[in-house]
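Take a look at the structure below.
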Amino acid sequence: MEWRSDTRAASTLTEILLWGIVGLIALMVVITIVSAIVSAVVGLLMALIPILVLGALIYLAVAYLRNKDSMSNASNYGLDSLGGSSPETSTPQSPQDRLTEQYVRGEISEEEYERRIGEYVDRESGGHSSSYGSSDYDTDRSRSREFER
């Protein structure tokens, strides 16, 4: 009888050892799979980060160049260049047309628009407002405001 109890104890010990080995193998497989997934995600991120940084730099460069171009184009609409033509169009525009475009695009306020038009009219009339009086100008502006509404 003693022999059977020793055999049972040995088989129980062997069974425990076998299940322990199976458990360790399963744990190693799970750790290997998780490690592979984490490595793939980290590798993907490490590949995407330089691409994102490069894209951001390109975006900033393009935005800077666009802003620089728009600033130089806006200076072409000032009173200093009233005789020049706009680089965006092939036909020359009148100074009033350029100022009106700026006003419509919201680049200048209504007060600034009126001030600059008034300066242009004064300059064209040689400082005299007899050819186009301020009351005529105000009447025309009020009519155009009514038309815009």
Side-chain angles (χ1 to χ4, degrees), residues 1-125 132 134 137-149:
M1 275 229 182
E2 240 177 82
W3 181 75
R4 283 188 171 200
S5 67
D6 288 342
T7 308
R8 277 189 197 160
S11 76
T12 305
L13 183 61
T14 306
E15 195 174 314
I16 291 172
L17 286 174
L18 283 175
W19 280 114
I21 292 172
V22 168
L24 284 175
I25 291 173
L27 182 63
M28 288 179 14
V29 167
V30 168
I31 289 173
T32 303
I33 291 172
V34 169
S35 173
I37 291 171
V38 168
S39 295
V41 169
V42 168
L44 183 63
L45 287 176
M46 295 308 283
L48 284 177
I49 288 173
I51 292 171
L52 291 174
V53 168
L54 181 64
L57 289 174
I58 290 172
Y59 173 79
L60 290 174
V62 168
Y64 171 76
L65 292 175
R66 280 187 180 169
N67 189 26
K68 185 178 174 185
D69 286 344
S70 69
M71 293 303 285
S72 67
N73 287 342
S75 69
N76 288 336
Y77 290 109
L79 288 175
D80 296 332
S81 62
L82 287 175
S85 65
S86 169
E88 298 163 355
T89 61
S90 60
T91 60
Q93 291 181 328
S94 72
Q96 294 96 336
D97 291 342
R98 288 193 297 266
L99 286 171
T100 302
E101 284 180 12
Q102 280 185 292
Y103 173 65
V104 168
R105 285 191 304 254
E107 294 175 3
I108 59 173
S109 67
E110 182 176 352
E111 292 80 20
E112 177 71 9
Y113 172 76
E114 291 176 2
R115 183 187 66 77
R116 291 169 82 179
I117 287 287
E119 286 177 4
Y120 175 73
V121 169
D122 286 346
R123 197 168 100 188
E124 286 297 307
S125 66
Y132 191 73
S134 61
Y137 173 73
D138 292 338
T139 303
D140 288 346
R141 283 296 299 151
S142 62
R143 286 182 188 155
S144 67
R145 282 190 206 130
E146 291 173 13
F147 180 73
E148 289 173 355
R149 292 180 191 158

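The heavy-atom pair separating I117 from L99 by the smallest distance is CD1-CD1, 3.7 Å. Taking every heavy atom of both residues into account, Q93 and E101 meet most closely at NE2-OE2, 2.5 Å. Across every non-hydrogen atom of Q96 and Y120, the tightest pair is NE2-CE2, 3.1 Å.
A heavy-atom distance below 4.5 Å is not found between the side chains of R98 and Q102.
Taking a cutoff of 4.0 Å between a charged side-chain nitrogen and a carboxylate oxygen, E119 and R115 qualify as a salt bridge.
Every residue two or more places apart in sequence or in another chain that forms a side-chain contact (heavy atoms from CB on, under 4.5 Å) with S109 is listed here: E111, E112.
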Show which side-chain atoms of residues 33-62 pair as donor or acceptor with protein atoms under 3.5 Å away, not counting sequence neighbours.
unit_1, atom_1, unit_2, atom_2, d
S39, OG, S35, O, 2.9

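Considering CD1 of I108 and CD of E114, their distance stands at 10.0 Å, rounded to 0.5 Å.
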